[in-house]
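Residue numbering restarts at 1 for every chain, and letters A, B, ... go by the order of the sequence lines. Small disclaimer: the values here were computed from a predicted structure and weren't measured.
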Number of protein chains: 2
Amino acid sequence: MSVVTPVVPRIVAGRIAHCERCGVRARSVCASLPENDLERLASIAVIRQCGPGEVIMMEGEPAGAYHNITSGFVRLHKSLPDGREQVTGFARPGDFLGLAAEDNYGVTATAIGAVQLCRFPRDRFRKLMHALPSLEDRLLEVASHELVIAQERMLLLGRKTARERVASFLLDLAPPCGETGMILLPMTRSDIADYLGLTIETVSRTLSAFRREQRIDIKVANQVQLLDRNGLRRIAQARA
Amino acid sequence: MSVVTPVVPRIVAGRIAHCERCGVRARSVCASLPENDLERLASIAVIRQCGPGEVIMMEGEPAGAYHNITSGFVRLHKSLPDGREQVTGFARPGDFLGLAAEDNYGVTATAIGAVQLCRFPRDRFRKLMHALPSLEDRLLEVASHELVIAQERMLLLGRKTARERVASFLLDLAPPCGETGMILLPMTRSDIADYLGLTIETVSRTLSAFRREQRIDIKVANQVQLLDRNGLRRIAQARA
DNA sequence: CTAGCCTCTTGATCGGAATCAAGGCGCGCC
DNA sequence: GGCGCGCCTTGATTCCGATCAAGAGGCTAG
């Protein structure tokens with residue numbers, strides 16, 4: 001490993017790959033990569049720190065790099081000229097950014113709160129990808145997964161009612177394994193609304209309705225306690 | 001090339017890759033593949049014929065194969081239990097089906113009219129993919145492209161008005177280069193409505209409105225003549 | 001030709017979410 | 001503490017697209 005390789009990125013990339021506790025490994029591109037491939041990946045990474053609201057990559061600009069989130073949350077979104085906005089997704093620690101791009105980025109990525117990233121310059125990353133078949137395989141896997149998610153979201157945006165959307169959203173955030181059911185929302189109501197294709201008022205009203213129906217509890221605005229997951233599941237899936 | 005390899009698929013796969021006229025090569029996975037890679041791809045292909053309405057692959061079922069369309073149009077869609085349906089996309093000759101899948105297919109693919117496909121059994125295809133780096137590269141490229149498209153559609157479904165949706169739809173169908181502006185719609189109004197997250201009535205009304213405004217002309221229901229592309233573009237992009 | 005069916009179009013009415021509007025709450029800062 | 005500023009919640013009203021309903025045009029079979 002040459003001297004220009006900073007130590008920090010290597011450590012960080014390693015941490016991403018091994019943080020089993022929060023399920024990061026399963027989503028990360030680093031998942032299932034052998035240790036020495038990880039080393040090589042870390043060797044081309046550059047650490048990048050972003051403050052709240054900072055733009056990580058901008059829709060339409062040349063796709064100069066891929067990123068892997070090591071901490072914090074990111075909002076992925078597209079805008080219309082008149083200011084309407086659609087959040088296409090939220091990214092969490094371990095998530096890989098930049099696959100949804102051709103020559104230019106297809107979405108804007110904005111930091112929610114403080115974010116730390118590993119930045120992989122595009123050319124070097126692609127070269128490495130060709131040298132490491134397991135990495136390219138993994139990228140294809142991640143892309144396929146994201147396509148499945150994207151199509152699920154089209155169904156939500158195109159055909160679900162406000163109640164169904166909000167219920168789906170809550171369940172998506174809840175960890176798969178049966179835990180306490182306490183969800184921390186790192187994003188604002190406005191982000192949620194733009195994610196679900198609704199307005200903040202409708203999101204707020206719907207959450208209030210769920211609380212009245214004893215399906216959830218909200219003590220602080222960004223903490224939701226799930227009380228009736230089966231009920232929410234029934235609403236989300238729109239069983240007649 | 002072994003005797004079990006049928007001749008027909010090879011010819012068909014070759015034809016897909018070279019049909020420059022209709023722009024197929026650019027979208028096909030076969031694009032930019034060297035001739036002898038194409039041969040190997042063709043060697044694992046099985047021809048499949050589908051009649052109108054026939055299901056090519058079913059959401060939730062084990063992803064047993066990839067497909068490449070050689071002729072005809074395909075509707076990709078997801079359903080809710082109560083029958084609401086979202087068309088996630090239409091696929092044309094040259095398009096590759098099956099990337100949006102993990103262990104199971106993420107969407108259902110249904111033939112619109114008669115369809116001819118090259119079927120690639122999953123295991124053999126993946127093995128070949130590992131043997132042909134240019135193929136895997138191309139798949140990743142196609143997946144990235146589809147992700148960009150998917151996000152564009154989220155913006156449409158989540159934030160655009162009916163007029164904006166229909167205008168966007170017409171422009172997406174129109175060939176990029178300035179041609180006669182005549183669009184043939186292989187799908188029904190119902191398919192279009194489910195694609196745009198609207199009802200057939202709204203699609204029909206909006207098309208009628210565009211006709212009244214001299215932006216399009218419709219002589220036969222499935223043939224639309226674009227008259228005012230700039231106007232449609234302005235509507236689609238929602239310039240205030 | 002005609003009956004039956006399917007798809008598309010058009011009109012009338014309804015309803016769910018958007019919009020408009022007004023407060024409430026929490027938090028940092030002076 | 002108290003003021004100002006965001007963010008969230010709640011209420012009143014509006015409006016776009018859905019739903020309900022009816023009819024037109026085209027295609028096939030007999």
Side-chain angles (χ1 to χ4, degrees), chain A residues 52-53 75 80 82-87 112-113 156-170 183-213 216-224 235 238 240, chain B residues 52-53 75 80 82-87 112-113 156-170 183-213 216-224 235 238 240:
Chain A
R75 187 177 75 225
L80 286 170
D82 65 359
R84 277 175 287 172
E85 201 165 301
Q86 178 64 42
V87 171
I112 304 176
L156 179 143
L157 292 170
R159 289 294 178 223
K160 289 191 178 179
T161 64
R163 280 173 70 85
E164 290 161 7
R165 291 179 200 208
V166 175
S168 301
F169 174 70
L170 292 174
I183 300 172
L184 296 179
L185 304 177
M187 70 292 282
T188 65
R189 291 285 184 278
S190 172
D191 288 338
I192 298 172
D194 286 338
Y195 181 66
L196 298 177
L198 300 170
T199 58
I200 44 175
E201 293 95 330
T202 300
V203 170
S204 182
R205 265 187 260 274
T206 308
L207 287 172
S208 296
F210 285 164
R211 187 171 44 187
R212 245 177 287 118
E213 298 162 13
I216 62 173
D217 194 19
I218 305 176
K219 293 220 159 56
V220 194
N222 65 345
Q223 287 182 24
V224 178
I235 294 170
Chain B
R75 187 176 74 226
L80 285 169
D82 64 359
R84 278 174 289 173
E85 201 166 302
Q86 179 64 44
V87 171
I112 304 176
L156 180 143
L157 292 170
R159 289 293 177 224
K160 288 192 180 178
T161 64
R163 277 173 71 85
E164 290 162 6
R165 292 179 201 208
V166 174
S168 302
F169 173 71
L170 292 175
I183 301 171
L184 297 179
L185 304 175
M187 70 292 281
T188 64
R189 290 287 185 277
S190 173
D191 288 339
I192 298 172
D194 286 338
Y195 181 66
L196 298 178
L198 300 169
T199 58
I200 45 174
E201 293 95 330
T202 299
V203 170
S204 182
R205 264 187 261 274
T206 307
L207 287 173
S208 297
F210 285 164
R211 186 171 43 185
R212 244 176 288 120
E213 298 162 12
I216 62 173
D217 194 20
I218 305 176
K219 294 221 157 55
V220 194
N222 65 345
Q223 287 181 24
V224 179
I235 295 170

- prompt: When the C1' atoms of the five terminal pairs at each end define the local axes, what inter-axis angle does the helix from C/dC1-D/dG30 to C/dC30-D/dG1 show, to 10 degrees?
  reply: 30°
message: Using 0.5 Å steps for rounding, measure from the OG1 atom of A/Thr206 to the CZ atom of A/Arg165.
response: 10.5 Å
- line: The ring-ring contact (aromatic ring centres under 6.0 Å, His included) partners of B/Tyr195 (sequence neighbours excluded) come to B/Phe90, B/Phe169
query: Among pairs that include at least one residue of residues 185-196 of chain A, which meet salt bridge (charged side-chain N to carboxylate O under 4.0 Å, His left out), considering only residues two or more places apart or in two chains?
result: A/Arg75-A/Asp191, A/Asp194-B/Arg159
- prompt: What pairs with A/Thr202 under side chain to side chain donor-acceptor pair (under 3.5 Å), at least two apart in sequence or on another chain?
  reply: A/Thr199
Atom pairs under 3.5 Å, N or O on each side, protein against nucleotides 23-29 of chain C: can you list them with distances?
none

- line: Sequence neighbours excluded, the answer for side chain to side chain donor-acceptor pair (under 3.5 Å) partners of A/Glu213 is A/Arg163, A/Arg215
query: Can you tell me how far the CD1 atom of B/Ile192 sits from the CG atom of B/Leu198, to the nearest 0.5 Å?
result: 10.5 Å
task: Output all residues satisfying side chain to side chain donor-acceptor pair (under 3.5 Å) with A/Asp217, sequence neighbours left out; order by chain, then residue number.
output: A/Lys219
- line: Here the distance between atom C1' of D/dC16 and atom CZ of B/Arg165, to the nearest Å, is 11 Å
task: Grab the two heavy atoms, one from B/Glu164 and one from B/Thr161, that are nearest each other, plus how far apart they are.
output: OE1-N, 2.9 Å
message: Please encode protein proximity along nucleotides 7-20 of chain C as a string of B, S and -, counting only heavy-atom distances under 4.0 Å.
response: -SBBBB----SSBB
query: Which residues satisfy the side chain to side chain donor-acceptor pair (under 3.5 Å) test with B/Ser168, sequence neighbours excluded?
result: B/Lys160
message: Rounded to the nearest 0.5 Å, what separates atom CG in B/Leu157 from atom CG in A/Leu156?
response: 10.0 Å
